[in-house]
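Accompanying notes for the structure given below.
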Amino acid sequence: MAQEHGKAGQPSVSIGFAGNPNCGKTTLFNAYTGANLKVANWPGVTVEKKEGRFRLHNHEYRLVDLPGAYSLTSYTMEEQVTRQYILSDEVDVIIDVADASALERNLYLTLQLIELGKPVILALNMMDIVEKRGMEIDTHRLPEMLGIPVIPVSARRKTGLDILMHAAAHHHGQGEEAMPLIHHHGGAEGPARTSATRHKHQHHKEFAMVYSDGIEDKIDQLMERLEKQYPGLQNPRWHAIKLLENDPEITKAFPLEGPAVLDRSYEQDIINEKYDFIKEVIDEVLVNKDKKAAVTDRADEVFTHPVWGLPIFLLIMALVFFLTFTIGDWLKGYFEWGLEVFSGGVLSGLEFLQVAPPLISLLVDGIIAGVGGILTFLPNIVILFLALAFLEDSGYMARVAYVMDGIMGRLGLSGRSFIPMILGFGCTVPAIMASRALENKKDRFKTMLITPFMSCSARLPIYVLFSQLFFGGYAMLAAYSMYVLGLVVAVLVALLIHLFDRKSEEEKALSGGSALLIELPEYKAPSAHTIFIYVWEKVKDYLTKAGTTIFVASIFMWFLLNFGPQGYSQDMSQTFGSQLGQFIVPFFAPIGLGFWQIVVALIAGISAKEVVVSSCAVLFSVSNVTSPAGMEALSGVLASIGFGPLNAYALMTFSLLYVPCAATLATIKRESGSWGWTLFSAAFQIMTAWVATFIVYNVGALFL
Amino acid sequence: MTLQEGMPGGRYRVQGTALPLGLARRLQALGMTHGCPVQVLRKKRRGAMIIKIRGSRFALGQAVSTRILVEEE
């Protein structure tokens, strides 16, 4: 056991948090660690790993949030990660977070965790919901039947938290023997005890989960073989059970010599017997099963209504964007004012100190204009992510998959593909990662291809700036239209692929409808703490991006636009940037973007889409591009080169659809595992953007 | 009968599935084992339905629900 000692000789306990998706595990984890987290990926895979530390009563605790899982097979990456981590020496105690209002299903994972052999503590979350429904759980009998401590907690109300940690520290020190297992199985022990050959061992005092005689016999045989062939193997019983289940990973890692013990896979039998035992547990510990109609059922009457479900969803999304634009723009005004004061202060300060003009230009026109311009969009982005976090944490997001399933089915996708698409309104990177939840590989690739067309928050600054510049009172409409256009393009692309697609074997086995399968969690009042941490993570990412990618891109742009073959130059047409832009202009001329400055901004925008805006600030040397004065200056410069409203709309369209940012490309590479696919995806997006902008520009030109 | 033919509000028992192995195991891990009661909560005219098994709700697409065999309780 990894009994490390923290500073000042305090014992340190490593705790892994395991649990089903939607069981409140993350809320509980956040209640301990707060925003003080280390977020990284598990080695080798793109599953997020969250780690936090805290101290309580002389103990230092290291908490690791394991991916949500329903079981511990090796079918999915998340389950493999959880299993391998628990088996490693890195973890001392496992806290299994269970949604008490869905105890029956949650106990299935609990039984598997217990079988892994590490100390397990069951944290019964959402007891308040259980009580509200008039149900009761016998928290005295439950630990007796499972042989592990059971602690009722409420992650939302923050009750039971200290007791849970105390139990973890205590349980870790004592080992498993401390908990007695008390089963009342009467004369004939165990479920399904009908076979004539009685199993020779009485396991009920050792293990919570005891199988039928036939299976226990097989486990014994396998254990004997395993112990002989792999001496020193820890927890041979678990390995034997996995071999019986024909688990691909364990079967490969521990091949058995000699005659085969297994005539078939016993996986289904093992699952059934576990659920049989869970039924026994539930019958004994759960009183007044679900008498009152749950709030969730009443809410679902509305939100998943066959007719009104879809309009309600569209209304909710319209409200989200309305809030993003109105409240966001109102707050943005204050940020702009602050930036103007700051920029002016720095400028006069530097001039007073008689700093060399190129350096002043770099600081004020390059860095402050570029990075500052992006920071003023922070309010819009905070509100958008607040709304998305609210939809996710309340439990509504999963319903969207159901509501959209019919429409998505016509595009050859399951309703579940729509969740990555909505998240794509926030940021494409987590959206691409969310496509992992799709079981079918082809669906995943298709979703990854169309998700970047959903307008992410990084593109918002481009719309806001150019629509305010050129469309006056219709600015909001112009910006809205981009979101609709992105959605329409995504749908058309999915439809085209569906029409030309030949079905694989797996899909043939599931043809004739969508293969949607998603849990619909109970609705709940979103936890302010969880939402705060979710939004804070995004804001941190945004600020980091402004401080790194956009900072570097702004300096680089400033360099490109102030230096040419002859060195530092005040005349921008003599610079490297201008020469590069003019070289590529012919490609952009047919779509109304044949201006070298715009071309340079778009190329720079591949680093991050906000850079299109920050580059314009640098390109046209407008120090505070989002303020009224700055906008006037910019529109004046643009008008002088012949860039009008139609060109602005073409620019918005192209920005919406062309190559997603570098971070997204890196995510697509990681998730698809293929450079070929990533390059194809980027090329496909440039092509789509060009064609769509060509249509917009040329059709628009007919009317103007 | 298949689960797809179930009526909203109806209670059924699972008799078996005709699904690819991975999906079948996933459903079993979620508690949809042989003989387990399942309740149909809502159903769209074409397509997806919401069911309740062992106290949790799931949305199922048509391709899945037409391949789950049930009998009336």
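Naming convention: chains lettered A, B, ... in sequence-line order (proteins, then strands); numbering from 1 in each chain. Here the structure is a predicted model, which means the values were calculated and not measured.
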Measuring heavy-atom distances to chain B, does [X] have an atom under 4.5 Å in its side chain, in its backbone, in both, or in neither?
X	value
A/Gln112	neither
A/Tyr108	side chain
A/Glu245	neither
A/Val307	neither
A/Ser71	side chain
A/Arg399	side chain

NZ/NE/NH1/NH2 to OD/OE distance under 4.0 Å, B/Arg57 and A/Glu519
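Answer for the salt bridge query: no.
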Select, from B/Ser56, B/Gly22, B/Gly35, the one with the greatest count of heavy-atom pairs under 4.5 Å involving chain A.
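Max contact count across the listed options: B/Ser56.
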Using a cut-off of under 4.5 Å on heavy-atom pairs, state which of B/Lys44, B/Gln28, B/Arg25 scores highest against chain A.
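Greatest number of close heavy-atom pairs with chain A: B/Arg25.
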Is it true that atom CD of B/Glu5 has more than 12 heavy atoms of other residues, nucleotides or ligands lying nearer than 6.0 Å?
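Enclosed.
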Above 12 or not: heavy atoms from other molecules or residues under 6.0 Å from CZ of B/Arg11?
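Atom CZ in B/Arg11 is not packed in, count stays at 12 or less.
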Is B/Ile50 in contact with chain A via its backbone, its side chain, both, or neither, using a 4.5 Å heavy-atom distance?
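Backbone plus side chain of B/Ile50, per the 4.5 Å heavy-atom cut-off to chain A.
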[atom1]/[X] to [atom2]/[Y] distance, rounded to the nearest 0.5 angstrom?
X	Y	atom1	atom2	value
A/Tyr402	B/Arg42	OH	CZ	6.5 Å
B/Leu60	A/Ser414	CG	OG	11.5 Å
A/Leu516	B/Met49	CG	CE	12.0 Å
B/Arg26	A/Thr73	CZ	OG1	6.5 Å
B/Cys36	A/Lys279	SG	NZ	9.5 Å

Using only atom types and a distance under 3.5 Å, with no angle test, would you say the side chain of A/Tyr70 pairs donor to acceptor with the backbone of B/Leu30?
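Flag not set: sc A/Tyr70 to bb B/Leu30 has no pair under 3.5 Å.
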Under 4.5 Å, counting heavy-atom pairs only, tell me which of A/Asp405, A/Ile271, A/Ile518 racks up the most with chain B.
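Most heavy-atom pairs under 4.5 Å with chain B: A/Ile518.
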Test side chain to side chain contact (heavy atoms under 4.5 Å, CB included) applied to A/Asp300 and B/Leu41, step by step
CA-CA 10 Å; A/Asp300 266 345; B/Leu41 295 178; 6.0 Å; no
Using the rule given for side chain to side chain contact (heavy atoms under 4.5 Å, CB included), can you reason through A/Leu517 versus B/Leu23, listing the C-alpha separation, both sets of side-chain angles and the distance that settles it, and then say yes or no?
CA-CA 9 Å; A/Leu517 168 59; B/Leu23 195 51; 3.9 Å; yes
